[in-house]
Amino acid sequence: MREPTFERVFVKWKRNFVAELENGVIVRAYFTDGVVEEKVETETAEILKERLTDYFSAKPVDFSEFRVVYPTRFAERVLREVRKIPYGAVETYSSLAGRLSTSPRAVGVALRMNLVPVIVPCHRVVAKGGLGGFSSGVEVKKLLLEMESKVSQETL
DNA sequence: GTTTAGCTGCACT
DNA sequence: AGTGCAGCTAAAC
């Protein structure tokens with residue numbers, strides 16, 4: 001058995017962002033005000049750092065090449081669908097629910113379980129009559145959406 | 001126009 | 001089997 005590798009990517013932003021990898025698979029990501037030490041060894045982690053740096057410098061980035069963990073079978077179904085939402089676009093809980101033949105409430109439950117925000121763009125899912133929730137705080141959700149909509153405006 | 005009751009599907013105990 | 005949600009809708013104030 002190969003030795004398990006653990007790596008960590010750190011990107012500075014309004015709220016700093018951390019992504020952690022095991023064996024080249026992203027297992028966790030979170031926002032923090034603190035600073036954590038980076039540990040980048042593989043090419044996968046290097047590319048991820050590049051993409052994240054671009055993303056937080058307000059560039060449109062696609063994260064679909066990266067492997068991530070899904071907490072449950074159901075969450076995987078929902079989150080895979082969420083990953084298809086393109087940069088700058090938003091979709092509502094209910095339209096996702098319709099496509100997956102489930103309820104908007106259940107979609108919310110699945111999104112709450114997402115371990116890797118930004119890389120799985122759960123912030124692009126909003127409520128029909130408002131913003132909806134966000135596990136790392138709705139303020140961050142608002143910032144991400146504002147940045148993305150601004151960037152996709154400029155890219156016209 | 002705003003608030004509220006009831007429904008929902010799934011995970012966790 | 002029962003509880004609690006990152007929502008929605010229609011019915012009531």
Side-chain angles (χ1 to χ4, degrees), chain A residues 4 6-36 45 48-49 51-155:
Chain A
F6 177 84
E7 297 173 278
R8 180 155 48 207
V9 174
F10 178 79
V11 180
K12 280 196 85 158
W13 198 52
K14 295 171 185 178
R15 303 285 311 282
N16 298 337
F17 186 78
V18 180
E20 294 176 351
L21 301 92
E22 272 172 34
N23 304 316
V25 180
I26 305 166
V27 295
R28 205 154 64 104
Y30 54 92
F31 288 90
T32 175
D33 289 323
V35 175
V36 297
L48 177 61
K49 184 179 170 61
R51 296 279 185 280
L52 284 171
T53 305
D54 280 351
Y55 179 81
F56 286 111
S57 316
K59 292 181 190 164
V61 173
D62 175 39
F63 290 104
S64 54
E65 69 187 282
F66 297 100
R67 295 200 53 192
V68 304
V69 289
Y70 298 106
T72 66
R73 211 45 190 271
F74 174 71
E76 172 166 0
R77 217 158 64 86
V78 177
L79 294 174
R80 275 188 187 282
E81 206 63 29
V82 170
R83 294 190 80 181
K84 294 182 193 164
I85 304 173
Y87 186 95
V90 294
E91 184 159 4
T92 62
Y93 294 94
S94 68
S95 83
L96 262 174
R99 215 130 40 74
L100 296 165
S101 312
T102 182
S103 76
R105 208 86 201 272
V107 171
V109 170
L111 292 199
R112 196 188 41 182
M113 294 188 287
N114 181 23
L115 297 166
V116 285
V118 179
I119 293 145
V120 173
C122 55
H123 58 278
R124 292 181 194 146
V125 184
V126 298
K128 210 171 182 182
L131 189 62
F134 196 57
S135 41
S136 339
V138 289
E139 274 310 305
V140 175
K141 185 175 187 174
K142 215 192 289 180
L143 286 173
L144 293 173
L145 288 174
E146 277 169 12
M147 178 174 77
E148 289 195 11
S149 78
K150 209 163 127 192
V151 172
S152 40
Q153 282 292 314
E154 289 166 4
T155 321

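Letters go in sequence order (proteins before strands), and every chain restarts at 1. Note: hydrogens, waters and symmetry copies are ignored here, and every other heavy atom, side chains too, is used.
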*A/Lys59: partners by salt bridge (Lys or Arg N to Asp or Glu O under 4.0 Å), with sequence neighbours left out*: A/Asp54
*Near-ring test A/Tyr55/A/Phe17, centroid separation under 6.0 angstrom*: no
*Which value, rounded to the nearest 0.5 Å, describes the distance between A/His123 atom NE2 and A/Asn114 atom CG?*
10.5 Å
*Should A/Tyr30 and A/Glu20 count as side-chain neighbours, where that means a heavy-atom distance under 4.5 Å?*
yes
Show me, pair by pair, the donor-acceptor contacts under 3.5 angstrom made by side chains of residues 93-104 of chain A, not counting sequence neighbours?
from     : atom 1 : to       : atom 2 : distance (Å)
A/Ser94  : OG     : A/Thr92  : OG1    : 3.4
A/Ser95  : OG     : A/Glu91  : OE2    : 2.7
A/Ser95  : OG     : A/Thr92  : O      : 3.4
A/Arg99  : NH1    : A/Glu81  : OE2    : 2.3
A/Arg99  : NH2    : A/Glu91  : OE1    : 2.9
A/Arg99  : NH2    : A/Glu91  : OE2    : 2.6
A/Ser103 : OG     : A/Ala106 : N      : 3.2

*Which residue pairs pass the salt bridge (charged side-chain N to carboxylate O under 4.0 Å, His left out) test with at least one member in residues 110-126 of chain A, sequence neighbours excluded?*
A/Arg124-A/Glu148
*Is A/Glu65 atom CD crowded by more than 12 heavy atoms from other residues, nucleotides or ligands, each under 6.0 Å away?*
yes
*Hunt down any stem DNA chain B takes part in, defined as 3 or more consecutive Watson-Crick or G-U pairs whose two distances are each under 3.5 Å.*
B:1-7 with C:7-13, B:9-13 with C:1-5
*Let me have a per-nucleotide readout for nucleotides 6-13 of chain C, 5' to 3', with B, S or -, counting only protein heavy atoms under 4.0 Å.*
BBSS----
*Walk along DNA chain B from 5' to 3' and tell me the first and last nucleotide with an atom closer than 4.0 Å to a non-hydrogen atom of chain A.*
B/dT8 to B/dA11
_side-chain hydrogen bond (donor to acceptor under 3.5 Å, both in side chains) involving A/Arg67 - partner list, sequence neighbours excluded_ = none
_Restricting to side-chain hydrogen bond (donor to acceptor under 3.5 Å, both in side chains), what partner residues turn up for A/Arg105, sequence neighbours left out?_
none
Only distances under 3.5 Å count here; give the side-chain donor-acceptor pairs of residues 126-147 of chain A to other protein atoms, sequence neighbours excluded, each with its distance to 0.1 Å.
from     : atom 1 : to       : atom 2 : distance (Å)
A/Lys141 : NZ     : A/Val125 : O      : 2.8
A/Lys141 : NZ     : A/Leu131 : O      : 3.0
A/Lys141 : NZ     : A/Gly133 : O      : 2.9

Enumerate, atom names and distances included, each donor-acceptor pair closer than 3.5 Å involving a side-chain atom of residues 68-75 of chain A, sequence neighbours excluded.
from    : atom 1 : to      : atom 2 : distance (Å)
A/Tyr70 : OH     : A/Arg83 : NH1    : 3.4
A/Thr72 : OG1    : A/Ala75 : N      : 3.0

*Which residues within residues 66-79 of chain A lie with some heavy atom under 4.0 Å of an atom in DNA chain B?*
A/Thr72, A/Phe74
*Residue list, ring-ring contact (aromatic ring centres under 6.0 Å, His included) with A/Phe66, at least two apart or on another chain*: none
